[in-house]
2 protein chains.
Amino acid sequence: MTPSRSGANFFLMPEKPQAKRKLKAPKTAKQRAYHHGDLKAALVEAGARIVERDGVMALSLRGVAREAGVSQTAPYHHFADKEALLAEIAATGFRDLSAEMARRGSGIAGASPRLGALGTAYVVFATENPGRFRLMFGPLIGEKAAYPTLLEASLSSYQMIREAVAAYLEEIGPEEAGGDAENPEAATMAAWSLVHGLATLINDRGFDSEAMGAPDIETLSALVTSYLRNGLGR
Amino acid sequence: MTPSRSGANFFLMPEKPQAKRKLKAPKTAKQRAYHHGDLKAALVEAGARIVERDGVMALSLRGVAREAGVSQTAPYHHFADKEALLAEIAATGFRDLSAEMARRGSGIAGASPRLGALGTAYVVFATENPGRFRLMFGPLIGEKAAYPTLLEASLSSYQMIREAVAAYLEEIGPEEAGGDAENPEAATMAAWSLVHGLATLINDRGFDSEAMGAPDIETLSALVTSYLRNGLGR
DNA sequence: ACCTGATCTTGACGGCGTCAAGATTCTCCT
DNA sequence: AGGAGAATCTTGACGCCGTCAAGATCAGGT
């Protein structure tokens with residue numbers, strides 16, 4: 001226990017939100033630090049931790065509250081119900097997915113290898129964060145479009161794939177791309193379907209990548225996504 | 001109440017398992033008709049009904065028992081726990097998926113259109129049975145390989161896709177198929193990933209097929225799966 | 001005819017999501 | 001400065017859930 005000069009403080013924070021409190025903080029940022037200190041973010045974080053540690057089905061609202069060190073009903077002051085909390089956790093998943101795609105895609109010159117890098121990023125994120133990935137696409141959140149932050153984060157990820165597909169279609173030229181050049185929606189759908197299906201199947205079935213000649217996830221991902229660009233057999 | 005000569009029988013069955021009882025029935029078929037008359041099958045049926053009517057998350061073991069007209073703990077004499085019942089429902093899903101693929105694939109001559117028909121069957125099954133599809137691949141069943149009947153049914157579906165892919169690779173010839181000719185695993189993975197991802201995305205997001213120039217599910221499915229055979233842009 | 005085991009029931013326990021009511025603490029206006 | 005009012009958090013309770021324990025009912029082989 002590090003000594004604290006502010007009396008009995010059972011919820012020891014990283015001692016950051018301690019000095020700057022009265023300094024004309026823009027009041028647009030509503031959730032500042034009331035009793036707990038941004039409990040909303042702490043709950044999302046605790047939920048993400050539980051979901052990866054114990055699995056999606058072991059995620060209970062009471063458990064999240066317990067992990068965050070508050071009472072069972074405290075989350076109801078920040079989320080309408082359990083599903084709203086799950087939606088927020090899923091939104092962080094989409095943001096991290098976009099970040100992973102940006103990380104692996106940046107600095108790659110050609111549109112074709114860049115598209116492959118995004119696909120690999122997608123599969124890698126799914127296998128490294130299976131709990132949140134299942135939350136993002138699984139049935140635990142019924143109406144995903146009902147949560148604006150989740151919708152926005154997922155659309156952002158979709159746009160990244162869409163732009164990479166469009167760039168690829170442009171690179172191969174309009175005579176090769178056919179009618180997809182000015183309407184890359186269907187091609188985007190195919191690309192997303194491929195990586196999404198691969199990620200889902202890897203997570204849900206126990207596919208060992210060695211069984212099909214791919215030593216690791218990244219190689220398997222590159223192998224499968226190459227089919228999309230070249231067609232079966234090539 | 002139809003008159004019955006065998007005393008008080010509260011669970012009236014379709015009066016089939018009534019006459020042929022002592023006729024050297026092979027006792028390998030264990031679950032014959034004790035008190036209820038194949039309650040196990042009735043529970044699976046009731047569960048499938050609930051899952052399609054009210055969604056995966058609304059499926060409770062007590063609710064299934066209620067729907068079947070028995071007490072809450074009656075299912076425990078036929079299934080180890082809730083997950084075991086879900087696994088059995090999911091297994092019927094895989095069997096119906098295989099049947100749909102067989103129905104749409106039979107009578108199609110060329111390997112390429114046959115492969116496309118299987119893909120369409122996959123997507124159509126998923127969109128017509130979203131509840132069971134989510135059960136088959138969602139996180140509600142934790143260790144799917146732990147249930148032999150589920151594993152067998154899913155492997156059977158996998159084999160159908162695999163054979164169609166192998167036939168297609170053979171049809172286009174070894175020089176086009178490259179190294180995949182004698183190892184169609186990776187190509188099967190790609191094909192399954194594509195249709196599975198498409199089905200999942202259609203179910204979980206509210207994709208309207210008109211937004212991408214496909215009037216209905218079947219056309220969208222045919223459009224997307226054509227990318228697999230031809231490659232992006234063509 | 002009885003016994004063994006399979007089948008189904010009632011009753012109970014702890015955990016869950018959620019509502020209601022009260023206590024505490026922060027913000028903001030005068 | 002100080003008090004009103006809102007935001008935050010707590011305790012307690014309700015009904016539903018999955019599951020266990022113990023008893024009742026019934027089928028079929030000996």
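In what follows, every chain begins at residue 1, and chains take the letters A, B, ... in the order their sequences are listed. Note: hydrogens, waters and symmetry copies are ignored here, and every other heavy atom, side chains too, is used.
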Rounding to a whole Å, what distance do you find between [X]:[atom1] and [N]:[atom2]?
X        : N      : atom1 : atom2 : answer
A/Asp81  : C/dG17 : CG    : P     : 11 Å
A/Leu86  : C/dG17 : CG    : C1'   : 12 Å
B/Lys82  : D/dC17 : NZ    : C1'   : 8 Å
A/Phe79  : C/dC19 : CZ    : C1'   : 19 Å
B/Leu140 : D/dG18 : CG    : C1'   : 14 Å
A/Gln72  : D/dT11 : CD    : P     : 8 Å
A/Ile50  : C/dC16 : CD1   : C1'   : 14 Å
B/Tyr76  : D/dC20 : OH    : C1'   : 9 Å

Donor-acceptor pair, [X] side chain versus [Y] backbone, under 3.5 Å?
X        : Y        : answer
A/Asp96  : A/Ala99  : no
B/Glu218 : B/Val124 : no
B/Ser157 : B/Phe94  : yes

[N], OP1 or OP2 - any side-chain N/O from [X] closer than 4.0 Å?
X       : N      : result
B/Arg62 : C/dC16 : no
A/Arg66 : C/dC16 : yes
B/His78 : C/dC8  : yes

Side-chain-base donor-acceptor pair under 3.5 Å for A/Thr73 and C/dT18: no
Audit row: A/Tyr147, A/Glu83, side chain to side chain donor-acceptor pair (under 3.5 Å) steps and yes/no: CA-CA 10 Å; A/Tyr147 303 94; A/Glu83 207 175 279; 2.9 Å; yes
5'-most by nearest nucleotide on DNA chain C - A/Leu59 or A/His77: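 Counting from the 5' end, the first nearest nucleotide belongs to A/Leu59.
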Working for side chain to side chain donor-acceptor pair (under 3.5 Å), residues A/Arg104 and A/Thr120: CA-CA 8 Å; A/Arg104 287 190 180 251; A/Thr120 300; 5.8 Å; no
Sugar-phosphate only, base, or nothing, as touched by B/Ser60 at under 4.0 Å among non-hydrogen atoms: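 Sugar-phosphate only.
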